[in-house]
Amino acid sequence: MRARHHNTSGSTSAVAIAAALLACTGCAPAERATAWQVPLPVVGLPCEGCEAVFEGLPAELAPSDRIAPVDEPGEPLRIVGTVYDAGGARAPGVIVYAYHTDDRGIYPRAPGLKGAAARHGRLRAWVVTDERGGYRFDTIRPAGYPDSREPAHVHLHVIEPGCCTYYLDSIQFEDDPRLGAAERAELATGRGGSGLVRPVRGADGVWVVTRDIRLGENVPGHPAGAAG
C-alpha cells in the first residue's frame with residue numbers, strides 16, 4: 001500500500017487545473033531565478049490539492065527551514081537532500097515543499113488555513129535549493145494514519161520557477177513495519193527518484209534521512225520528456 005499523493009482523477013480541483021494547464025517551455029537554470037510566486041502549470045496530473053504549494057508561500061526562502069516547531073511532540077527528524085536536473089547536474093533555485101502528519105498520524109489544522117492548504121495542515125514548509133542544489137528540513141517523524149495500514153510518510157512537491165510544479169513520491173521509511181516488500185520495490189521507480197529512505201539516528205537523538213530528487217523523473221508531461 002504505497003503512500004501516494006492525494007490524487008483523484010474526478011475531483012473538481014484536478015479538472016480545474018487540467019483546464020488551465022499551459023505548455024511548459026522548459027526548465028533552463030536561468031529561468032529558475034524568476035519570481036516563484038506566480039502560479040505555474042501543474043504537470044503529472046491528476047493532482048488534487050497541488051494548488052496548495054502556492055498558498056502561504058513566503059516571499060523569501062532559504063535552503064533550510066523547520067516544518068514542525070521545536071516544541072512539537074515527536075521524535076526529531078532532519079531531511080536532507082540534493083536536487084538534480086534531468087542531465088544529472090545539481091539544480092540551484094528549485095523550491096521544495098513538504099508537509100506531513102503529526103505523531104498521531106493526523107494533519108493538524110491551524111487558524112487561517114483554507115482549502116487545500118487546510119487539508120495539508122500546519123506542518124508544512126518550503127525551502128529553495130542552494131548553489132549546489134542542497135536543501136534541508138527539520139521536523140519530527142510523522143506517524144501513519146490512525147486505524148490504517150498506510151505507512152508513515154512525508155509529502156513532497158517541487159516548484160521549478162519559470163516552468164512547472166508537480167508532486168513527488170513521498171518519503172517513506174525503511175524501518176516502518178507497515179511498509180511491505182511490494183511497496184518497497186515500487187518506490188525504487190518513484191516520481192523524482194526513490195522516496196525510500198534509511199533513517200539513521202545520531203548521538204543527539206535526531207533521525208536523519210536523505211531524499212535526493214531528480215527533476216521530472218517519471219513525471220508525465222514534464223518538459224524534460226520523462227516517461228510516465
Side-chain angles (χ1 to χ4, degrees), residues 1-5 61-85 88-92 94-108 120-146 148-158 167-215 217-219:
M1 177 174 27
R2 189 175 186 174
R4 296 182 179 275
H5 184 84
L61 296 173
S64 65
D65 199 5
R66 294 202 65 89
I67 298 175
V70 293
D71 59 351
E72 183 76 22
E75 298 180 291
L77 172 70
R78 179 168 300 137
I79 302 166
V80 298
T82 302
V83 178
Y84 299 90
D85 65 19
R90 294 170 182 262
V94 174
I95 299 166
V96 182
Y97 168 70
Y99 69 100
H100 60 74
T101 63
D102 61 17
D103 68 342
R104 303 166 297 161
I106 303 297
Y107 295 102
H120 289 190
R122 63 176 172 79
L123 300 182
R124 60 198 295 258
W126 297 258
V127 292
V128 61
T129 56
D130 63 21
E131 65 278 3
R132 292 184 55 80
Y135 76 94
R136 166 178 158 177
F137 289 108
D138 287 290
T139 188
I140 60 158
R141 288 193 66 160
Y145 301 150
S148 165
R149 290 294 302 167
E150 189 77 36
H153 54 281
V154 178
H155 292 285
L156 292 178
H157 296 239
V158 295
Y167 76 90
L168 305 173
D169 263 27
S170 299
I171 291 173
Q172 297 192 56
F173 305 92
E174 284 190 352
D175 60 357
D176 190 332
R178 298 186 184 190
L179 194 60
E183 290 75 29
R184 293 171 190 271
E186 189 179 6
L187 283 167
T189 56
R191 294 169 61 121
S194 175
L196 186 62
V197 300
R198 176 174 296 177
V200 177
R201 197 169 197 172
D204 58 359
V206 178
W207 291 100
V208 179
V209 300
T210 300
R211 201 323 186 172
D212 292 337
I213 296 168
R214 301 278 179 175
L215 295 175
E217 186 169 298
N218 298 316
V219 178

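Below, each value reflects all heavy atoms present in this structure, side chains not excepted, and no hydrogens, waters or symmetry copies.
The shortest distance between side-chain heavy atoms of Tyr135 and Ile79 falls below 4.5 Å. Between Pro73 and Ile140 the shortest side-chain heavy-atom distance does not fall below 4.5 Å. For the pair Ile213/Leu168, a side-chain contact is recorded, criterion being any heavy-atom separation below 4.5 Å from C-beta on. Pro63 is not listed as a side-chain neighbour of Val127, based on a closest heavy-atom distance of 4.5 Å or more.
Taking Tyr97 as the reference, Tyr99, His120, Trp126, His157 meet the ring pair (Phe, Tyr, Trp, His ring centres under 6.0 Å) condition, with sequence neighbours excluded. Partners of Thr129 under the side-chain hydrogen bond (donor to acceptor under 3.5 Å, both in side chains) rule, at least two apart in sequence or in another chain, do not exist in this structure. Every residue two or more places apart in sequence or in another chain that forms a salt bridge (Lys or Arg N to Asp or Glu O under 4.0 Å) with Arg104 is listed here: Asp102. Asp175 is linked by a salt bridge (Lys or Arg N to Asp or Glu O under 4.0 Å) to Arg141, counting only residues two or more places apart in sequence or in another chain. For Arg136, the side-chain hydrogen bond (donor to acceptor under 3.5 Å, both in side chains) test picks out Asp138, with sequence neighbours left out.
Pro146 and Ile106 get closest at one heavy-atom pair: CG-CD1, 3.7 Å. Annotation for Pro142 and His153: closest pair CG-O, 3.5 Å, computed over non-hydrogen atoms. In terms of heavy-atom proximity, Gly192 sits nearest to Val219 at N-CG2, 4.5 Å. Here the closest heavy-atom approach between residue Leu215 and residue Ala91 is recorded as CD1-CB, 3.9 Å.
No donor-acceptor distance shorter than 3.5 angstrom exists from the side chain of Arg178 to the backbone of Ala152, with no hydrogens or angles considered. Formation of a donor-acceptor pair under 3.5 Å by the Asn218 side chain with backbone atoms of Gly190 is found in this model. Arg78 places no side-chain N or O within donor-acceptor distance of the main-chain N or O of Val206, the cut-off being under 3.5 Å. Under the 3.5 Å distance criterion, the side-chain polar atoms of Thr82 are left unmatched by any main-chain donor or acceptor of Gly133.
Here the straight-line distance linking atom CG of Leu77 with atom CZ of Phe137 works out to 11.0 Å at 0.5 Å rounding. A distance of 10.0 Å separates CD in Glu150 from OG1 in Thr101, rounded to the nearest 0.5 Å. Summarising the geometry, atom CG belonging to Leu123 is positioned 5.0 Å from atom CD belonging to Glu72; distances are rounded to the nearest 0.5 Å. Note: Ser194 OG to Arg184 CZ = 11.0 Å, rounded to the nearest 0.5 Å. With values rounded to the nearest 0.5 angstrom, Arg211 atom CZ is found 6.0 Å from Leu156 atom CG.
The salt bridge (Lys or Arg N to Asp or Glu O under 4.0 Å) contacts involving residues 194-204 comprise Glu75-Arg201, Glu174-Arg198, where partners must be two or more places apart or lie in separate chains.
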**Message:** Please determine whether side chain to side chain contact (heavy atoms under 4.5 Å, CB included) holds for the pair Val200 and Trp207, giving the CA-CA distance in whole Å, both sets of side-chain angles, and the decisive distance to 0.1 Å.
**Reply:** CA-CA 5 Å; Val200 177; Trp207 291 100; 5.7 Å; no
**Asked** Hey, mind stepping through Tyr84 and Arg90 against side chain to side chain contact (heavy atoms under 4.5 Å, CB included) and telling me if it holds?
**Response** CA-CA 4 Å; Tyr84 299 90; Arg90 294 170 182 262; 3.9 Å; yes
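If you run side-chain hydrogen bond (donor to acceptor under 3.5 Å, both in side chains) between Tyr107 and each of His155, Arg124, Arg122, only His155 comes through. Of the residues Leu196, Leu187, Val154, the one that meets the side chain to side chain contact (heavy atoms under 4.5 Å, CB included) test with Ile171 is Val154.
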